[in-house]
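Heads up, the thing below is written out as structure tokens.
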Amino acid sequence: MAKTRPGVPSKIKTGRKELDSYTIKGTNKIVRAGECVLMRPSDAGKPPYVARVEKIEADARNNVKVHCRWYYRPEESLGGRRQFHGAKELFLSDHFDVQSGHTIEGKCIVHTFKNYTRLENVGAEDYYCRFEYKAATGAFTPDRVAVYCKCEMPYNPDDLMVQCEGCKDWYHPGCVGMTIEEAKKLDHFVCAECSSDDDVKKSQNGFTASPADDVKVRFSLFSHLMYRCFITLITLACTALCAPLPCH
């Protein structure tokens, strides 16, 4: 099974009847519209494709066709996989398709980002989505996301982070000079900026379970990059103005 190219719809024949459900071949698992499924990839060495079922139809010969909306993995997007992308992260694309029901291998669950971070145990069928993705342009919605730590990167739920008791910001152990093993043994943590402040006041609201539960948004990745570019341009301009005149 192969995905069609974005923007090229599959041919749909008339005379089909819509089905309420479909039983995955060789199993007793039932798929309905609105649920997410794993579909056999064209390359046996690749992980299964993930799609959301939009509609199920059958023709007069009872051949089942599934209308689906593809999820893309980060490495399938134009920008590729980034450091903050989790192993189970998917993007809900605007790429719609029609595939044979026989290509469905199993069912899965695509959680919201916040619900995924609250799972006590992540199973093989658990994924999450926090972005929608336009396959033709590579654009994401939302185009802004909260960032954390000194490295100012979005939260990756696969990475351990520690929360400062003072500012309540989250930090990667490696960014504050700790190993993961040392971070796991911590009972309390105060970042270097807060530890130099004699008037650190602890929040009465306590701590959040993870950055995904933290309502504080310090910067967006997009706006931070624009800010850095602006500062760089200003610095270069000031350097040019202050440079000594050449001697003749």
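Using a 4.5 Å cut-off on side-chain heavy atoms (C-beta onward), P142 and R144 make no contact. Counting heavy atoms from C-beta outward, V110 and V50 have side chains that approach closer than 4.5 Å. You'll find the side chain of M39 stays beyond 4.5 Å of the side chain of E105, heavy atoms only. Side-chain contact check for N156 versus Q83: every heavy-atom pair is 4.5 Å or farther apart. The closest side-chain heavy-atom distance from L119 to H111 is below 4.5 Å. For the pair P47/P41, no side-chain contact is recorded, criterion being any heavy-atom separation below 4.5 Å from C-beta on. Counting heavy atoms from C-beta on, the side chains of V147 and M153 never come closer than 4.5 Å. Using a 4.5 Å cut-off on side-chain heavy atoms (C-beta onward), L92 and Y133 make no contact.
For K65, the side-chain hydrogen bond (donor to acceptor under 3.5 Å, both in side chains) criterion is met by no residue, not counting sequence neighbours. Looking at residues two or more places apart in sequence or on another chain, you find a ring-ring contact (aromatic ring centres under 6.0 Å, His included) between F131 and F140. Residues that satisfy the side-chain contact (heavy atoms from CB on, under 4.5 Å) test with E18, not counting sequence neighbours, are K55. In this view, K88 and Y116, V122, Y127, Y128 satisfy the side-chain contact (heavy atoms from CB on, under 4.5 Å) rule, not counting sequence neighbours. With sequence neighbours excluded, the residues forming a ring-ring contact (aromatic ring centres under 6.0 Å, His included) with H85 are F91, listed by chain and number. When the side-chain contact (heavy atoms from CB on, under 4.5 Å) test is applied to I30, the partners found at least two apart in sequence or on another chain are S21, T23, R32. The side-chain hydrogen bond (donor to acceptor under 3.5 Å, both in side chains) search around N115 returns T112, not counting sequence neighbours. Residues passing the side-chain hydrogen bond (donor to acceptor under 3.5 Å, both in side chains) test with E181: none are found, sequence neighbours excluded. A58 is linked by a side-chain contact (heavy atoms from CB on, under 4.5 Å) to K17, L19, N62, V64, counting only residues two or more places apart in sequence or in another chain. Listed by chain and residue number, D59 satisfy the side-chain hydrogen bond (donor to acceptor under 3.5 Å, both in side chains) test with N63 (two or more places apart in sequence, or in another chain).
Taking the six-membered ring where tryptophan is involved, the planes of H102 and Y22 are perpendicular, since the angle between them exceeds 60° and thus also 30°.
Remark: E182 does not engage K184 in a salt bridge, criterion side-chain N to carboxylate O under 4.0 Å.
Nearest approach of C167 to C191, heavy atoms of both residues: SG-SG, 3.9 Å. Looking at every heavy atom in both residues, G101 comes nearest to V66 through CA-CG2, 3.9 Å.
Between the Q163 side chain and the K168 main chain, a donor and an acceptor come within less than 3.5 Å of each other. A distance-only check finds a donor-acceptor pair linking the side chain of D158 to the backbone of A87 [under 3.5 Å]. Formation of a donor-acceptor pair under 3.5 Å by the D169 side chain with backbone atoms of C164 is not found in this model.
Among residues at least two apart or in separate chains, salt bridge (Lys or Arg N to Asp or Glu O under 4.0 Å) pairs with a member in residues 121-142 are R69-E132, E89-R130.
Grouping Ile, Leu, Val, Met, Phe, Trp and Tyr by side-chain contacts under 4.5 Å, direct or through others, puts L186 with V162, Y171, V176, M178, F189.
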Next on the checklist: Set out, in order, the CA-CA distance, both residues' side-chain angles and the distance that settles side-chain contact (heavy atoms from CB on, under 4.5 Å) for M161 and C149, then state yes or no.
Outcome noted: CA-CA 9 Å; M161 299 189 79; C149 189; 4.1 Å; yes
Next on the checklist: Would Y49 and E76 count as a side-chain contact (heavy atoms from CB on, under 4.5 Å) here? Give the steps.
Outcome noted: CA-CA 11 Å; Y49 295 137; E76 296 174 323; 3.9 Å; yes
Item to check | Evaluation steps, side-chain contact (heavy atoms from CB on, under 4.5 Å), between K25 and T27 | outcome: CA-CA 6 Å; K25 186 178 180 180; T27 74; over 6 Å; no
Next on the checklist: Would Y155 and T117 count as a side-chain contact (heavy atoms from CB on, under 4.5 Å) here? Give the steps.
Outcome noted: CA-CA 10 Å; Y155 176 46; T117 61; 3.9 Å; yes
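If you check the side chains of H172 and Y148, you find no donor sitting under 3.5 Å from an acceptor.
Hydrophobic cluster membership is shared by Y72 and L78, with clusters built from Ile, Leu, Val, Met, Phe, Trp and Tyr side chains linked at under 4.5 angstrom.
Interatomic distance, CD1 of I24 versus NZ of K107, reported as 7.0 Å (0.5 Å rounding). Taking OG1 of T103 as the reference point, atom CG of L38 lies at 11.0 Å (rounded to 0.5 Å).
For K29, the NZ atom sits in a loose shell: 12 or fewer heavy atoms of surrounding residues, nucleotides or ligands are nearer than 6.0 Å.
Screening R52, E54, E57 for a side-chain hydrogen bond (donor to acceptor under 3.5 Å, both in side chains) involving H67 leaves a single residue, E57.
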